[in-house]
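See structure below.
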Amino acid sequence: MRKLLLVVASMLLLALSVMAQQQRTISGRVTDETGGVLAGVTISYPGGKTGTVTNAQGDFTLTVPAATKQLRLSIVGYETKLVPITGDHLGAVTLALDSKSISEVVVVGYGTQRRQEVTGNISSIKGGAVAQLPIQSFEAGIGGRATGVQITVPNGVVNNPPVFRIRGVNSLSLSAYPLIIIDGVPTFTGDVGSTNAPLNPLASVNPSDIASIEIAKDAAATAIYGSRAANGVVFITTKKGKAGKARFSYDGWVGWTKPIRLPKLLNAQQYLEIKNEGIKNRNPSATNLYVPNTDANGNMVDMNWYDVVYRQNAMSQSHSFNASGASDATSYYFSGGYTKQEGILKRNDFIRKNLLFNLDQKLGKILQVGTKLSYSNENSLISGSSGSLEGEAFNSGGLARLAFLTAPITPAYNNDGTYNVVDANIGGGKNTLTTGIYNPQVLLDLDHSNTESNHVQATAYAQLKPFEWLTLKTVYGIDYMFLNNDVYRNNINGDGWSTKGSSISTYTQLKRWVWTNTAQLEKSFGSHNFNLLGGVEQQRDTRERYGLERQFQSDNIFNTTQGGWLIDLSSGLQRRENYLLSAFTRLNYNYKEKYFLSGNLRQDQYSALAPGHKKGTFYGFSGGWEVAKEKFWSDGALGEVFSNFKVRASYGKVGNMAGLGDFDFMYLYRPLLYGGNTAMYFNQSGNNQLGWEESKKTDVGINFGILKDRINFEVAYYYNNIDGLILYLSHPPSSGLPSTVPANVGSMFNKGIEASVNATVLDIKGFSWNTNFNFSYNKNQITALADGLTELPFTTSSLEQTSINKVGYPVGMIYCVPAGGVDPATGMRILYNPQGEAEIYNPITGAYTYLDGKPAQTLGTKTAQPYANTNPKFLGGWDNTFRYKGFELNVLLTYQAGFSVYYGSNAGLRDQRYWNNSTDVLRRWQKPGDVTDIPRLINGDNVSNGSAYAISANVFKGDFIKLRNVGLSYNLPSDVVKLAHLSGVRVYAQAQNLAIWTKYPGPDPEVSSNGNNASGQGIDRNTLANGRTVTVGLNVNF
Amino acid sequence: MKMKKISVYTLLLATVLASSCQKDKLDPRPASDMPDYMVFETKERIASQYNGLYTVLKHGRFLGGKFQIANEVRGEDYLNERANNVTLQATWKRIVGNEVQEVKEIWSQGYLAINNANLFIDGMAAKGNSVVGDSLGKIYVAEAKFVRAISYFSLLQLFARPYWDGNGSKPGLILYTEGHKDKGNYSKARSTTAETYAQILKDLDEAEAALPKVNAGSTAAVTHANYYTVVALKMRVYLHMGQYDKVVAEGAKLVSAAAPFTSPGGHALVPEIAKVFQLPYTTSESIFSLPFTSTVGDYPGTQTQLGYYFTPKAPPLQGNGEYSLLPTGIISDKGWKDGDARRKLLTAVGSKYYMTKYAVPSPFTDWAPIIRYAEVLLNLAEAKARLNTGVDAGALELLNAVRHRSDPTVTFTAATLTTQQALIDAILNEKHIELLGEGFRSMEVTRTGATFAARATYVAVPPTSSAYIWPISSDELVYNKLCVDNQ
């Protein structure tokens, strides 16, 4: 028995060893998801030393030991794949685009760098992540995809620039928006529309033309942009032609959006009950009460003003095509697109037509030239004020507010079909009491406030490589915007009534040119690798604007400035310019690609700073260590656990001047008239010491991977110390200074932790699940304001003080009077005085008393306190991709936590004048003993609901988790596709904003009534809601 | 060799490219405003600034509108129609806190006018006088002092207790005579009312000495201060201080000894009072008015225009009808007869009356009358009446001159006004009727220690009430800790 076993064992052993020495040849073809072949893919096998590359047809042949179970396929830009060897001929193997994990080449300023050499903190997002989303500009699609990045889409008005913050708020008075570089040219940002329709310059880039988005956060990565880097730098690179045969593709989607989470309002019957109760509570013998109106059929008028103002099925569509290809000497990418997107607000649309052409051409051996030409024509259309842009919150014509304010008992049309108007306001029918402000139907029908933009972004470059180690490059870029505004306010109802109609045409021209000359030296001495960059750059901006305003129209038919009008006025006159002159250098050094050192230095001179203070020097240096490459690591136990491990740290000083007025440092006299004669008076106080805002950034990070890079982690700690914050100082009016004075006096810091995990959770039998979870924690605090100044209040739209910047607190604290609930004995609002004692407010007498009735101090903005933080403490996203055969399901959740929002609209929803209310007021206090949160209704009471001054009853936690994107796509099988002579067809469906889990009662906790203004963040005052969008799309590759 | 050539060319190219920067663009010049170092360089620019002294004064937030409106609606003559806090509802209600919009605006604009004048005076001393010459320079500086004086005087009427309260010892205004351009610590305490009046009179005396006597009836005479303007303002100032003898002394410079009353410069009451409030606004009755035209920037700003507030909405007038006239106010005065020409300056819309001295529709370019001859005559009349324990004949003559201009059928005599007090009351009443809508009522009430009469459900405000004068702007209190509020 034992002898038999021995023989069998030895025979088996023999067979095994023979088998081990046997080889087999595996062949196959590699394609991408659209069916196009992939050349240059590295084929290897785990543990093996040999490999091959696919040829131009995507075919490969590799001889491997017979025991090999898997082949490993990898190429830049695609996810590495392990393919089981099921036979000698594998057929077509598909590689998926590398949309989430670490890519190999990263765009840094003035060049690119290999990902493993980067010692700064840069996050990369592939263009594919934003390509087919129903958004107007790419920033709306990157929320939750990179650590430290907060994107807030402020409301549902289309083309509204989202709030964009990298690592918290880094400036108070100047812009906290990062520097956006598109193909090497810093581009205009913010709302440049100047009508009620916002215009975001970043919407000129068709998201499907974007190849990659790099977000640089620390000093090492951003200091090359020195004076503009304090808020972070975002690099956008558009697509170029890829080697191989010419590709042509079409992508189109169609979608529908509906507004979600609108507050529920009272109907006509409830309105009458509530409003008349309020009148009688104030004056029991009142005889002038609200009465219902009847429509033409004799039914009671019960208007749902939401139906008038909002679209329930806003339709959007987009079509784009691109053609690209590359040979040895030439590479080109040409694309065109058209999109029309309707917003949830009626008459609010965005239309864009754009063309992009990227061309690179080698001339001879050492010269290469190229150009990028992009033209985009955009139309941002709206009827009039939505009440949702910065400064609009209290506009009488703000449509979002009119939708919840206008009484349901009054109709849009009279029974004879004419508009229901009385002078400038909406009529009340049988009511003599006020029932609303303007008639939204008239405003939506007749007014318009449109912006058209023609945006040219172009660069041309020549690159000379006289020697292998020297590259000289000159790049000239332009960013020109030509804007035409067309505004009309009708003479029947609304803001235009008092001037008998008004029309404004404005022409604006924003022109920027940038000229950069760089020299780059790359040389290796043994294992020492050096890369030195030096350059000079000039940038010039000019801005010119003029316009015509006409009033008193001669006939209703005219609604543009060219019609028949009585009065001509000039308007919108402005002329600005600035100039930036810079020199910079950067040195990257590594030893054996294990130890990395990097340093950069930049000197900027900027025209908008005071003489003697125009120069600034900025620097950053960093180091990195690929610990996993060390012998002790790869040979030891740690190497078993961690397949890669890199430590890096950086420190530097960068600056900020975004949003600083071109002439703010000057002392200026304004020319005006005095009774027809020329006159001039002192109109602006300047500061002849005005200099840069400075930010010193520290960053320490660890990147590591386990399970053979199957799971990768990135953790970073950062500390931004901002000094010399420019604040516009106010002075007592008795000083007679005509304006605020900019001065470098404040300081602030942001510190936090970022972490992200990227993992291939499952990859078996054709089913794969990739996940990316990222998490950022940020703490912001103001450490100093001006001498003797400890707080800077902020007023929303110059009318309601809602926020404050105070030393020792984070930016933009909600500033309000603390309030309690309702006193069950009297039904009056409980408010707290600065000593913390409870008082109640009697709306009839206007008096404040303690709960026992004794007189107490008057409360108001003078007794308000910093109450709640508006900066999210935690934010991030969780992105999951599931693949099975041709199907792909993508689910993105985003979350923000640790912040509050001031829901100012709530004050309006409980307003005790003629305003309609939310159904919350139905649970109002009516008799002693009632326990509720709605006080006794007293007509004219402006305090208890938070209209006279902000109260904490309208402050809510904004923490949320949003199911932001769910996308399902299917790639048709290649044999089906080949029948139609196509190389790939993909169909997909997507939903955006599918669900929100939050305690915030308003439409959306991601909101901003004050635009990008950090001091007024987290305020929801009369803004439009957001919408849920569903799209279906088709992608065809030829 | 080829390498060397390439290197040389490359280096040349690099140098050329690197050095082609445009350094001058680092010092930009704004296209729409003038930097401060240029404004005293030429005669024309100084003349421009000289006009600009008044541009800041005539801003709708100060003497171009809101100051007069506040004085009018604080009184008992008007009914608020629009319930809008932006159009002085709080002032009308007599419930005015430190943060009320008009409180902050009037305070701030007044001090802008003062600082602008101070900067001008400083600049003239430093450089301007040598550019325009001494004689012209003296006139320019004198007018700047007039602007400063009338600004301080106007602010004093709203924000400080009247002179009679403690003989001017109560807190007045924060006084500055030097211009401010830079940021700094501008915490300063309030001087007393007496000290403020002293500064005002000092400025006016110095201006009087330097200004020429310009004849009445020209635009320059009406829109710029001259000798007569200053004397007229001095009369008003002394009247407010209760120094009636000085009023009479100044009056002698401006009013002839007997009717028809004229000034040496040709000022007189025009026969038709309506002409004072019509184009070209330069009758011989106007002593000082602030001009407006329909060019952008030369008419009052939104919701500050006198016509916007007082003229009703009904066409053809097209104001905004913010305030109508209460039937219980001055328009119910029995002595003010229907045939009086001044009744034609009121317009009926339905059952309501509106004060329509400012009838030009948008953009509301009616000139704002600040000082006119009728006020001068009535001030002199009151001063004379107060100095004479009986019924002063000279005062009666002046009073009748003003009344007869509009209503020849009413004559005041010593028989009908039997006591000194009756005469004074008649003069005050005449002033009320004559200057209705021109921004005097509140000043008149406080200077005479009267009570603001109750009207339209709002209670009376006696001199002891904290609502008798306005509180100090909250902006001032926040940034200037040495400034005390009014109690």
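A, B, ... follow the sequence lines: proteins, then strands. Residue 1 opens every chain. Note that this is a predicted model, so its numbers are computed, not measured.
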* To do: Pick one of side chain, backbone, both or neither for B:T302, based on which atoms fall under 4.5 Å of a heavy atom in chain A.
  => neither

* Structure fact -> B:G52 and A:A679 have their tightest heavy-atom pair at N-CB, 3.6 Å

* To do: Return the option, out of B:S187, B:S48, B:P291, with the maximum number of heavy-atom pairs under 4.5 Å with chain A.
  => B:S48

* Structure fact -> Between A:S734 and the options B:H180, B:K188, B:E476, the side-chain hydrogen bond (donor to acceptor under 3.5 Å, both in side chains) test singles out B:E476

* To do: Tell me, out of B:F292, B:Y111, B:Y50, B:Y37, who's got the most heavy-atom pairs with chain A below 4.5 Å.
  => B:Y111

* **Choice from A:K614, A:R575, A:Q684 maximising heavy atom contacts with chain B below 4.5 Å** => A:K614

* **Among the listed options B:I174, B:N116, B:N480, the residue most often paired with chain A at heavy-atom distances under 4.5 Å** => B:N116

* Distance in Å, B:K183 NZ paired with A:S730 OG, rounded so as to fall on 0.5 Å steps -> 13.5 Å

* Within 6.0 Å of CD in B:Q22, more than 12 heavy atoms from elsewhere -> yes

* To do: Could you list the residues that satisfy side-chain hydrogen bond (donor to acceptor under 3.5 Å, both in side chains) with B:Q49, not counting sequence neighbours?
  => none

* Is the number of heavy atoms from other residues, nucleotides or ligands within 6.0 Å of CZ (B:R82) greater than 12? -> yes

* Asked: Between atom CG of B:D36 and atom CG of A:N683, what is the distance when rounded to the nearest 0.5 Å?
  -> 12.5 Å

* **Side-chain donor or acceptor of A:Y669 paired with backbone N/O of B:V39 under 3.5 Å** => no

* Is the A:Y674 ring parallel, tilted or perpendicular to the B:H224 ring (thresholds 30°, 60°)? -> perpendicular

* If you round to the nearest 0.5 Å, how far is NZ of B:K313 from CH2 of A:W497? -> 4.5 Å

* A:H731, A:Q551, A:K862: which one forms the most heavy-atom pairs within less than 4.5 Å of chain B? -> A:H731

* chain A contact via B:L119 - which portion, at a heavy-atom distance below 4.5 Å -> side chain

* To do: Taking side-chain hydrogen bond (donor to acceptor under 3.5 Å, both in side chains) as the test, write out the residues that go with A:D541, two or more places apart.
  => A:R512

* Structure fact -> Max heavy-atom pairs within cutoff under 4.5 Å with chain A, candidates B:G184, B:G97, B:A113, goes to B:G184

* Asked: Looking only at heavy atoms, what is the nearest atom pair of B:T55 and A:L673, with distance?
  -> OG1-O, 3.6 Å

* **Pick from B:G110, B:A31, B:P35 with the largest number of heavy-atom pairs that fall under 4.5 Å of chain A** => B:P35

* To do: Using a cut-off of under 4.5 Å on heavy-atom pairs, state which of B:E44, B:K58, B:M38 scores highest against chain A.
  => B:K58

* Which atoms form the tightest heavy-atom contact between A:G736 and B:L112, and what is the distance? -> O-CD2, 3.3 Å

* To do: Measure the CD-NZ distance between A:Q538 and B:K23 for me, rounded to the nearest 0.5 Å.
  => 10.5 Å

* **CA sep, side-chain torsions, deciding dist, call: B:M34, A:L668, side chain to side chain contact (heavy atoms under 4.5 Å, CB included)** => CA-CA 5 Å; B:M34 192 170 299; A:L668 297 175; over 6 Å; no

* Structure fact -> Residues A:L569 and B:S294: closest non-hydrogen pair is CD2-O, 4.4 Å

* Asked: Just by distance, do the side chain of A:S685 and the backbone of B:K181 share a donor-acceptor pair under 3.5 Å?
  -> yes

* Non-hydrogen atoms of B:T293 and A:G676 that approach each other most closely -> CG2-N, 3.9 Å

* For the residue pair B:N115 and A:F682, what are the closest heavy atoms and their distance? -> ND2-CD2, 4.5 Å

* Asked: OH/B:Y479 to OG/A:S735 distance, rounded to the nearest 0.5 angstrom?
  -> 11.0 Å

* Asked: Looking only at side chains, do A:Y667 and B:D182 share a donor and an acceptor under 3.5 Å apart?
  -> yes

* Structure fact -> Interatomic distance, CZ@A:R670 vs CG@B:D33, rounded to 0.5 Å, equals 4.5 Å

* Would you mind checking which part of B:T295 comes under 4.5 Å of any heavy atom in chain A, side chain (CB onward), backbone (N, CA, C, O), both or neither? => side chain

* Contact part of A:R576 toward chain B, heavy-atom cut-off under 4.5 Å: side chain, backbone, both or neither? -> neither

* **Pair A:Q574-B:S32, side-chain donor/acceptor within less than 3.5 Å** => no

* Structure fact -> Highest number of heavy-atom pairs under 4.5 Å with chain B among A:T740, A:T678, A:L573, A:V741 belongs to A:T678

* Heavy atoms only, distances under 4.5 angstrom: which of A:Y606, A:F663, A:Y681 has the most pairs with chain B? Name it, please. => A:F663

